Enquirer: 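Before we start, here is the structure in question, set down as structure tokens.
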Amino acid sequence: MSVGLRRLIPVSDLPHENDQPDPLDPFEEIIEAETDRDPDLAVIEAGSRTLRTQGGAPQADVPARPEDPEVDKALREVEAELATRWGETKLEPSVSRISALMDVLGDPQRSYPSIHITGTNGKTSTARMIECLLGAFELRTGRYTSPHVQSITERISLDGAPVSAERFIETYQDIKPYIEMVDAAQEYRLSFFEVLTGMAYAAFADAPVDVAVVEVGMGGSWDATNVIDGDVAVVTPIGLDHTDRLGETTGEIAGEKAGVIKQGATVILAQQPVDAAQVLLKKAVEVDATVAREGLEFGVVARQVAVGGQMLTLRGLGGEYPEVYLPLHGAHQAHNAAVALAAVEAFFGVGAQRAEPLDIDTVRKAFAAVSSPGRLEVVRRSPTVVLDAAHNPAGAEAAAEAVREAFDFTRLIGVVGASGDKNVRGLLEAFEPIFAEVVVTQNSSHRAMDADELAAIAVEVFGDERVQVEPRLPDALEAAITLAEEEGEFAGGGVLVTGSVITVGEARLLLGKG
């Protein structure tokens, strides 16, 4: 399927600073109240094309280890081989190795259209929503996301569910000779992430899928996933993360992430800092891409907290979609939903080749089936234990605000285990207003910040009396639950485990999920 969007909007129709909102359409007024970014950027927007219409099955949970001992042994052998390669934090900014692998595999990534997702926060949740929507419209999907919460097989999904351990092993064994061939010819061996990317693209071609939903690992231009030419490029909100590799400002980071925007593609932009938006729009102009921007061409019109999630009215490229239930918490997830909807509309040509919106009942069914493990996920009651994979200040701020809105905790205890290469102080500062006390710990990763080092920072943020140190995660969970239970069985004590996807994944296992 090729989706080439070509309906243009005259430059005179673009919104400008002195324009007055249409009194018959409250959308602009609502969106203006929800965004703190400058929507004008008129000089760049004058050269870009914009989209504006004129006129699945529930996903599987995180997989556990294989029950068959032989399969489990084989999967562990594959994991051990992958572990000998460069990890995801050691990078040589180039797509030469992955391009060589794709070449010897016969370019499997070109056998299906794709939606390519970059940004700082919200990528995985947005990918899952896009996957659900496409599946609900009876398309066979492949989804590639990272990192995993518990099982490496989570990273490669077909039809809304992680591939089986058997299929994961088979895919690796099938392309292993080609991996070794590329290794022998390159200065550096293929990295862990590059091999997994090759496996995903090969598995999608073998399935075969109707469309691939692909999340970048880091950045965009030199990310291993960027050997695809996405029909739709999605950019979730950009913030400061991986500044040592991507840049020290959101504008510099956007320059790397803009690499996913390809010639003639459609670009779906979430709300962005002004400097990031300028960079992304400039790239869109350079490659003649069509642009749809949250807050202008699409967005969240209204949202209400509901049991287990929220009820939304979304403005898409094809019009309004009322009464959409999303079983995820937080304003940030509502915005992710708006982005996902616009991406799928663009893929189907809504706003260019067709003016009518997507079928509302199908959209509602799809969003109601969305799950996103480890994103404000409740895994225990009495006391309530919530897991959230926030690992940078922007993600922590979004999570903290969502907790305030969706949960009625009278006393919330934090369990924080973070990576040493993150802005840990900023993360802790974001959570400080909602944590009565914090238990600092560390996960099993070699990247984990030492618990005592983390505690020293936590004491500066929270004060000595509000910080407890438990280096072992099981002890930290037990301590936090005990503190929460001091409120009494029928009080409002709770626990939030956060700081790292790895911490959340390990806690999930310890608490009996997966």
Side-chain angles (χ1 to χ4, degrees), residues 61-62 64-65 147-151 329 373-391 395-396 399-400 402-404 406-420 422 424 427-428 430-514:
D61 203 355
V62 176
R65 297 298 308 185
H148 55 274
V149 177
Q150 287 175 203
S151 172
H329 300 293
R375 276 74 181 179
L376 288 178
E377 179 187 17
V378 177
V379 294
R380 171 180 165 155
R381 298 288 185 182
S382 190
T384 299
V385 179
V386 183
L387 308 180
D388 192 83
H391 57 273
V403 167
R404 289 190 190 96
F407 299 92
D408 192 23
F409 293 125
T410 57
R411 175 181 170 84
L412 182 61
I413 310 301
V415 175
V416 179
S419 296
K422 298 296 182 180
V424 174
L427 178 116
L428 292 172
F431 283 122
E432 189 277 332
I434 68 168
F435 286 165
E437 296 183 52
V438 60
V439 182
V440 297
T441 187
Q442 63 191 76
N443 58 56
S444 63
S445 168
H446 67 280
R447 295 172 55 200
M449 176 175 281
D450 178 78
D452 289 332
E453 183 181 352
L454 178 56
I457 301 173
V459 166
E460 294 177 3
V461 174
F462 289 85
D464 185 63
E465 293 184 356
R466 294 169 63 193
V467 178
Q468 183 171 331
V469 186
E470 295 290 351
R472 295 180 65 253
L473 182 56
D475 297 336
L477 291 171
E478 183 178 353
I481 289 170
T482 299
L483 288 169
E485 286 175 338
E486 291 179 359
E487 288 284 277
E489 183 179 356
F490 301 106
V495 175
L496 176 63
V497 184
T498 189
S500 164
V501 175
I502 298 169
T503 301
V504 163
E506 293 180 356
R508 207 171 184 276
L509 278 172
L510 289 166
L511 293 165
K513 295 285 285 185

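Along the sequence shown, residues carry numbers from 1. Model, not experiment: these values are computed from the prediction.
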Enquirer: Working to the nearest 0.5 angstrom, can you tell me the gap between Leu412 CG and Leu483 CG?
Expert: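 It comes to 11.5 Å.
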Enquirer: Taking C-beta and beyond as the side chain, do Val379 and Val497 meet within less than 4.5 Å on heavy atoms?
Expert: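 Side chain of Val379 against side chain of Val497, heavy atoms only: no contact under 4.5 Å found.
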Enquirer: Measure the shortest side-chain to side-chain distance between Leu496 and Val403 over non-hydrogen atoms and say whether it is less than 4.5 angstrom.
Expert: yes
Enquirer: Look at atom CD of Glu460 and say whether more than 12 heavy atoms of other residues, nucleotides or ligands are closer to it than 6.0 Å.
Expert: yes
Enquirer: Would a distance-only check, ignoring hydrogens and angles, find a side-chain to backbone donor-acceptor pair under 3.5 Å from Arg380 to Val495?
Expert: no
Enquirer: Apply ring-ring contact (aromatic ring centres under 6.0 Å, His included) to Phe407 and list each qualifying residue two or more places apart in sequence or on a separate chain.
Expert: His329, Phe409
Enquirer: Looking at every non-hydrogen atom in both residues, tell me the closest pair between Asp388 and Ala399 and how far apart they are.
Expert: OD2-CB, 3.5 Å
Enquirer: Is the closest side-chain heavy-atom distance between Ser500 and Arg447 below 4.5 Å?
Expert: no
Enquirer: Identify the two heavy atoms, one from Gly499 and one from Leu427, that lie closest to each other, and give their separation to 0.1 Å.
Expert: CA-CD2, 4.2 Å
Enquirer: Got a donor-acceptor contact below 3.5 angstrom from the Gln442 side chain to the Ala451 backbone?
Expert: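 Yes; judged by distance alone, with no hydrogens or angles, the pair exists.
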Enquirer: Heavy atoms, side chains only, cut-off 4.5 Å: are Thr498 and Phe431 in contact?
Expert: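 Yes, at least one pair of side-chain atoms sits under 4.5 Å.
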Enquirer: Do you know which two heavy atoms are closest between Val467 and Phe462, and how far apart they sit?
Expert: CG2-CB, 3.8 Å
Enquirer: For Ala396 and Ala430, work out which heavy atoms get closest and say how close.
Expert: CB-CB, 3.6 Å
Enquirer: Can you tell me how far apart CG (Leu477) and CD1 (Ile413) are? Round to the nearest 0.5 Å.
Expert: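 Spacing of CG (Leu477) from CD1 (Ile413) equals 13.0 Å.
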Enquirer: For the side chain of Glu377 and the backbone of Gly374, is there at least one donor-acceptor N/O pair under 3.5 Å apart?
Expert: yes
Enquirer: Show the numbers, then the answer: is there a side chain to side chain contact (heavy atoms under 4.5 Å, CB included) between Leu428 and Leu454?
Expert: CA-CA 10 Å; Leu428 292 172; Leu454 178 56; 4.1 Å; yes
Enquirer: Do the non-hydrogen side-chain atoms of Gln468 and Val440 ever get within less than 4.5 Å of each other?
Expert: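 A side-chain contact under 4.5 Å is absent here.
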Enquirer: Taking all atoms of both residues into account, what is the closest heavy-atom pair of Glu470 and Ala479, and its distance?
Expert: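 Minimum heavy-atom separation between Glu470 and Ala479: CG-CB, 4.2 Å.
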Enquirer: Could you tell me whether a side-chain N or O of Arg466 sits under 3.5 Å from a main-chain N or O of Ala436, the two making a donor and an acceptor?
Expert: yes
Enquirer: Determine whether a donor-acceptor pair (N or O, by modelled atom type, separation under 3.5 Å) exists between the side chain of Thr441 and the backbone of Gly417.
Expert: no
Enquirer: For the residue pair Met449 and Ile457, establish whether any side-chain heavy-atom pair is separated by less than 4.5 Å.
Expert: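 In short, these two side chains touch, coming nearer than 4.5 Å.
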Enquirer: Can you tell me how far the CD atom of Gln150 sits from the CZ atom of Arg65, to the nearest 0.5 Å?
Expert: 11.0 Å
Enquirer: Ignoring hydrogens and geometry, is there a side-chain-to-backbone donor-acceptor pair from Arg404 to Ala402 under 3.5 Å?
Expert: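 Pair absent, no side-chain N/O of Arg404 close to backbone of Ala402.
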Enquirer: Give, for atom OG of Ser419 and atom NE2 of His446, the distance between the pair rounded to the nearest 0.5 Å.
Expert: 9.0 Å
Enquirer: Of all the heavy-atom pairs spanning Ala418 and Val424, show the shortest one and how long it is.
Expert: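 Between these two residues, the closest heavy atoms are CB-CG2, 3.9 Å.
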Enquirer: CD/Glu486 to OG1/Thr482 distance, rounded to the nearest 0.5 angstrom?
Expert: 8.0 Å
Enquirer: Any chance you could measure Ile502, atom CD1, to Leu473, atom CG, to the nearest 0.5 Å?
Expert: 11.5 Å
Enquirer: Suppose we screen for side-chain hydrogen bond (donor to acceptor under 3.5 Å, both in side chains). Which residues come up paired with Thr384, at least two apart in sequence or across chains?
Expert: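 Expected list: none.
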